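These notes concern the structure reproduced below.
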Amino acid sequence: MSENTAVQGPEFAVLLGMPVVIRSEAMRQVMQLVQRVAQTTASVLITGESGAGKELIARALHQFSLRCNMPWVDVNCGALPEHLMESELFGYEKGAFSGADKMKQGLFDLAHMGTLFLDEIGELDPRMQVKLLRVLDGVPYFRLGGVKKVSVDARIITATNQNLEEGIRAGKFRSDLFHRLSQLHIHVPPLRERHEDIGALAEFFLHQNDPGMRFSPDALEALGRHGWPGNVRELRNTVMRAAIVASGNEIRVSDLPAGIHNAPPLKPSMSPTSLDEMERQMIMQVLGQTGGHHAKAAQVLGISRRTLSRKLKTYGVGDACEALTAC
Ligand SMILES: Nc1ncnc2c1ncn2[C@@H]1O[C@H](COP(=O)(O)OP(=O)(O)O)[C@@H](O)[C@H]1O
Ligand SMILES: [Mg+2]
């Protein structure tokens with residue numbers, strides 16, 4: 001097998017130097033799709049819940065592509081306010097504004113011949129959506145304050161945990177941009193739908209943290225029963241915390257957070273009725289786990305604080321204390 005398809009046995013692959021666990025049939029299928037589409041030039045939209053592994057898949061697409069030795073550039077579209085996002089993506093010329101004492105290349109420029117990963121694309125504001133669409137259509141752009149046109153050849157990969165089709169219906173996301181970005185679509189299933197990965201990932205994270213430690217059988221079973229609303233990110237954080245809390249070299253069920261070792265299996269009657277409701281429950285649960293701490297919750301969920309606040313507002317939940325009582 002070539003370096004680019006460095007799948008070592010059935011469970012592990014190394015992507016940009018990072019080992020990843022792929023045990024479930026669902027993830028194997030995702031990885032097969034990744035290997036098939038990586039070498040095309042099509043833009044790829046990756047969807048899935050926060051923490052499910054979208055960024056990992058984006059990196060895999062780059063690593064398996066013909067551009068693997070060219071730059072990999074990533075940016076979180078939810079992390080910056082509009083005006084900074086523009087200068088970040090497109091760069092600026094010296095003197096474009098006070099403080100611009102030298103030219104700065106934009107991320108598009110930096111990703112030339114390589115891959116540009118736009119994470120949380122659903123957060124991109126309407127004006128930047130128009131600008132992005134033009135660049136993707138091959139129209140050269142100006143750096144802020146610039147007079148010279150810049151043309152770039154960057155492969156675009158985007159990811160979102162939002163339903164962009166709903167965003168289009170709500171008038172928040174442009175449908176032309178959506179179609180341009182989703183020439184190919186890869187969905188990363190949530191961890192609860194790939195049960196086999198839970199134990200494998202838990203063992204992997206524990207081994208990475210401390211090769212001398214192990215799980216007791218009932219601890220592993222409790223991990224398998226949990227719904228993992230924060231997906232792989234939540235599992236990794238849980239394992240790290242349990243490894244600190246455990247007194248010996250075995251993680252027992254009592255070393256796991258109460259929400260995990262007491263959690264009854266999700267009964268059908270308790271299942272959320274819609275995707276929105278599922279998201280609301282996930283956010284409330286993570287807020288509960290972080291003691292109502294917004295920044296930590298946003299980090300676990302893999303969304304910006306701004307997105308978290310906006311979502312809480314739509315639930316009629318104002319601040320952390322209210323969020324906890326609403327749980
Ligand atoms: N299959 C996997 N094997 C190992 N680590 C994983 C796997 N999937 C996700 N992770 C880890 O879980 C965390 C969240 O994954 P990430 O790709 O950032 O999720 P998302 O972009 O969907 O929010 C990262 O630290 C990532 O390395
Ligand atoms: Mg992410």
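Computation of the quantities below employed the complete heavy-atom set of this structure, encompassing side-chain atoms and omitting hydrogens, waters and symmetry-equivalent molecules. Counting starts at 1 for both ligands and their atoms, in listed order. Note that the coordinates shown come from a computational prediction; the quantities given were computed from them, not determined experimentally.
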Close approach of Gly48 to ligand 1, heavy atoms, under 4.0 angstrom
no
Counting heavy atoms only, which of Val232, Ile57, Asn76 is nearest atom 12 (O) of ligand 1?
Val232
heavy-atom search around atom 24 (C) of ligand 1 in the protein gives Arg236 NH1, 3.7 Å
Donor-acceptor contact present, side-chain Gln183 to main-chain Ser43, <3.5 Å:
yes
Could you identify the single nearest non-hydrogen protein atom to atom 27 (O) of ligand 1 and state the distance to 0.1 Å?
Leu56 CD1, 3.6 Å
Check whether Asp125 reaches the backbone of Arg127 with its side chain - one donor and one acceptor, N or O, closer than 3.5 Å.
yes
Test the Lys148-Phe142 pair against the cation-pi criterion, namely NZ or CZ under 6.0 angstrom from the six-membered ring centroid and within 45° of the ring axis.
no
Can you tell which of Val188, Asn161, Leu191 makes a side chain to side chain contact (heavy atoms under 4.5 Å, CB included) with Asn231?
Leu191
Which protein heavy atom lies closest to atom 14 (C) of ligand 1, and at what distance to 0.1 Å?
Arg233 NH2, 3.7 Å
Between ligand 1 and Gly302, can you find any atom pair, the residue atom being a heavy atom, that is separated by under 4.0 Å?
no
Look at atom 21 (O) of ligand 1 and say which protein heavy atom is nearest, naming residue and atom and giving the distance to 0.1 Å.
Glu55 N, 3.1 Å
So which of Val20, Leu191, Val21 gets nearest to atom 1 (N) of ligand 1, if we judge by its closest heavy atom?
Val21
Mark yes or no for whether Asp197, through its side chain, and Arg23, through its backbone, hold a donor-acceptor pair below 3.5 Å.
yes
Which protein heavy atom lies closest to atom 16 (P) of ligand 1, and at what distance to 0.1 Å?
Gly53 CA, 3.7 Å
closest protein heavy atom to atom 23 (O) of ligand 1 is Gly51 N, 2.7 Å
Can you say whether the rings of Tyr141 and Phe90 are parallel (under 30°), tilted (30 to 60°) or perpendicular (over 60°)?
perpendicular
Consider ligand 1: state whether an atom of it lies below 4.0 angstrom from any non-hydrogen atom of Glu49.
yes
Are the side chain of Lys94 and the backbone N or O of Ala100 linked by a donor-acceptor pair below 3.5 Å?
no
Say whether Ile22, considering both its backbone and side-chain N or O atoms, lies within less than 3.5 Å of an N or O atom on ligand 1.
no
Check: Phe178 ring centroid to Phe173 ring centroid under 6.0 Å:
no
Quick one: does Leu201 get a heavy atom under 4.0 Å from ligand 1?
yes
Check each heavy atom of Phe205 against ligand 1 and say whether those closer than 4.0 Å belong to the side chain, the backbone, both or neither.
side chain
Contacts table for residues 249-260: side-chain donor-acceptor under 3.5 angstrom, sequence neighbours left out:
{"residue": "Asp255", "atom": "OD2", "partner": "Arg252", "partner atom": "N", "Å": "2.8"}

